[in-house]
Amino acid sequence: MKDVEDRQPKRSGKTFPNAISIHSSHAFAATCVITICKVKRDIGQRWRKLSNEDRRKYKHLAKLAKGDLAKEKGLLPEKPKKRKLQNRISLKSIVGIVQKLSKDQRLAVELIGLGGLLHLRCTVLNHPLCNWLVKNFDPKSRSLNVHGRTFVLTVGHVHECLGINAEGKVIDLEVNMSDEFSQLCENIGMTKGVVQLKELREYLEGTEEEGDVFKRKFALYLLGCFLCPTTKASVTRSFMNGVSDVVAMGSQNWANLTLDFLCKGIQEQRDKHLVQPNGCLFLLVVFYFDRVSPSPTVTSYVRKFPSLVNWGDIEIKNILHEFDNIGGYDSEGVVVNFTLDEGTKVDENTSAKEAGVSQISSADVSVMTSTLITVASLLLRQNMILAKQFGSEMLADLQAQTAQEMDLTHGLE
């Protein structure tokens, strides 16, 4: 048998099964099939030989067994269903569109303040992770509370994570009902106050334009499927306020709009008991991975801007696998490492020595202060004991020396 296997051709380091092993596996499978058929045939023959009374008896027993099984199943806790977030965030479509953009089109995207999204690499959103992050995010304080730490999410952090403009005019989502605005909406392709994401995507996938129409439709598509996604497959008229003035688009605060929309979406989900929230959940993923690691950083690295460029599908899959090895990011008591100091500016020149440090919270400072006070008290007590002991010895020596001098004086007299 071994000689036969050794003579088999090897390709790419793999040994292919020989004819004898294949024949043996097929024979075993055929034997199993024949055995099952024989058992079924035997049961059928015995059933046909039973009288109607015996058959009714077995049917009654089968119904009782079925009822008992149903009762037992009712006592068992139901398995929790995996919740899949259904908002219209579409990472894969954005990555595909960006890859087809020309040099002039990429420059146009940068001019409207959304250039950081040209570096998006992730195409799949991890739903269990997003559910957990949403659960631990406080929309009122705009903070992520995980692993005993509180990370406040600011407009500046949105800029660092996504690379979109975080300064300038705040975008107002109040609906404009003027005739001029209505004409602009019609030119974009809006009907009944909405434009379909599918239509925007098809335009962006096939156009070679880089002018005002391209800038407006690109921004609307990003708003509807990434920055401010909802559960609907369309973009509403209110978002036209952000693209009506093409010249002003580059000086608008896209980061503030993104953060406000996310916080509002999570708050509405809790208040109205919705299945999923509106908003850019990928922002929470990048914000979390930038600050928490399953293992300490031992090699020097450069934090790139925007930080979403660091998190492609492979990188996210690998870090989630590392979290699984230590018990999972959502496990109570899991030991993690904090990799980004909130006081460190993140850019292309920030290295691991500057940014790869542990963040110290106010709780840690309190613990450290209490420990230092305890140590200082112990040292002080030890010094007092030593001083008392040495003082007693010195006093005894002084008394003995004085006595000797007095004896000597009396002798001279």
Side-chain angles (χ1 to χ4, degrees), residues 80 82-85 89 91-92 95 119-138 141-154 156-158 160-163 262 266 279-348 350-365 367-368:
K82 292 184 177 180
R83 292 176 55 195
K84 184 176 181 180
L85 299 175
I89 188 168
L91 303 177
K92 186 176 181 179
V95 173
H119 305 286
L120 180 66
R121 297 171 53 233
C122 178
T123 63
V124 180
L125 193 65
N126 187 282
H127 296 285
L129 174 61
C130 290
N131 278 321
W132 181 74
L133 291 173
V134 168
K135 180 181 177 181
N136 291 279
F137 185 79
D138 183 1
S141 62
R142 301 188 172 191
S143 60
L144 185 64
N145 304 295
V146 291
H147 312 302
R149 299 287 179 96
T150 297
F151 300 100
V152 178
L153 178 58
T154 66
H157 293 136
V158 179
E160 293 171 0
C161 291
L162 305 183
L262 174 64
I266 295 178
C280 184
L281 303 183
F282 184 69
L283 169 61
L284 294 180
V285 174
V286 177
F287 182 70
Y288 174 70
F289 283 152
D290 277 353
R291 283 152 182 79
V292 181
S293 173
S295 57
T297 303
V298 295
T299 58
S300 298
Y301 62 97
V302 176
R303 289 191 177 276
K304 299 180 180 180
F305 173 84
S307 54
L308 62 79
V309 74
N310 299 308
W311 303 110
D313 294 331
I314 296 177
E315 290 80 5
I316 292 178
K317 181 179 179 180
N318 290 340
I319 195 172
L320 289 176
H321 180 68
E322 291 183 29
F323 271 116
D324 290 338
N325 290 337
I326 63 173
Y329 56 82
D330 56 348
S331 298
E332 185 177 354
V334 64
V335 178
V336 298
N337 299 271
F338 301 96
T339 58
L340 183 62
D341 185 2
E342 291 299 313
T344 303
K345 183 179 180 181
V346 182
D347 53 31
E348 295 88 339
T350 305
S351 65
K353 293 181 180 180
E354 297 170 322
V357 297
S358 297
Q359 182 183 5
I360 301 177
S361 66
S362 58
D364 294 327
V365 174
V367 173
M368 293 170 62

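Model, not experiment: these values are computed from the prediction.
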From [X] atom [atom1] to [Y] atom [atom2], the distance as rounded to the nearest 0.5 Å:
X: Arg142; Y: Ile266; atom1: CZ; atom2: CD1; answer: 11.0 Å
X: Thr123; Y: Asp313; atom1: OG1; atom2: CG; answer: 3.5 Å
X: Leu262; Y: Leu284; atom1: CG; atom2: CG; answer: 5.0 Å
X: Ser331; Y: Ile326; atom1: OG; atom2: CD1; answer: 8.5 Å
X: Leu144; Y: Arg291; atom1: CG; atom2: CZ; answer: 9.5 Å

Query raised in the report: Does the pair Arg149 and Phe338 meet the rule for a side chain to side chain contact (heavy atoms under 4.5 Å, CB included), with working shown?
Result: CA-CA 9 Å; Arg149 299 287 179 96; Phe338 301 96; 3.3 Å; yes
Between [X] and [Y], what is the shortest heavy-atom contact and its length?
X: Ser143; Y: Thr150; answer: CB-CG2, 3.7 Å
X: Gly163; Y: Pro306; answer: N-CB, 3.4 Å
X: Pro294; Y: Ile319; answer: CD-CG1, 3.6 Å
X: Cys122; Y: Ile316; answer: SG-CD1, 3.8 Å

Query - Leu91 and Leu125, any side-chain heavy atoms less than 4.5 Å apart - result: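 With C-beta onward as the side chain, the pair touches.
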Report task. Compare all side-chain heavy atoms of Leu120 with those of Val309 and state whether any distance is below 4.5 angstrom. Result ->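 A side-chain contact under 4.5 Å is absent here.
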Report task. Report the residues that fulfil ring pair (Phe, Tyr, Trp, His ring centres under 6.0 Å) with Trp132, sequence neighbours left out, ordered by chain and then residue number. Result ->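 Only His147, Tyr288, Tyr329 meet the ring pair (Phe, Tyr, Trp, His ring centres under 6.0 Å) criterion with Trp132.
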**Report entry** Residue pair Leu133, Leu281: steps toward the side chain to side chain contact (heavy atoms under 4.5 Å, CB included) verdict
**Finding:** CA-CA 8 Å; Leu133 291 173; Leu281 303 183; over 6 Å; no
**Report entry** side chain to side chain contact (heavy atoms under 4.5 Å, CB included) evaluation trace for Asn145 with Phe137
**Finding:** CA-CA 6 Å; Asn145 304 295; Phe137 185 79; over 6 Å; no
Query raised in the report: Under 3.5 Å, is there a donor-acceptor pair between the side chain of Ser293 and the main chain of Pro296?
Result: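 Pair absent, no side-chain N/O of Ser293 close to backbone of Pro296.
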Report task. Can you run down the salt bridge (charged side-chain N to carboxylate O under 4.0 Å, His left out) pairs that involve residues 120-138, sequence neighbours left out, and say none if there aren't any? Result ->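 Non-adjacent pairs meeting salt bridge (charged side-chain N to carboxylate O under 4.0 Å, His left out): Arg121-Glu315.
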Query - Criterion side chain to side chain contact (heavy atoms under 4.5 Å, CB included) on Cys161 and Phe287, from CA distance to verdict - result: CA-CA 7 Å; Cys161 291; Phe287 182 70; 4.3 Å; yes
Query raised in the report: Is it true that the side chains of Asp290 and Ser307 contain a donor and an acceptor less than 3.5 Å apart?
Result: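 Ser307 and Asp290 do have a side-chain donor-acceptor pair below 3.5 Å.
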**Report entry** Phe289: which of Leu308, Asn310, Leu129 passes side chain to side chain contact (heavy atoms under 4.5 Å, CB included)
**Finding:**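 Answer to the side chain to side chain contact (heavy atoms under 4.5 Å, CB included) test with Phe289 among Leu308, Asn310, Leu129: Leu129.
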Query raised in the report: Of all residues at least two apart in sequence or in a different chain, which pass the side chain to side chain donor-acceptor pair (under 3.5 Å) check with Asn318?
Result: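 With neighbours one apart ignored, the set is empty.
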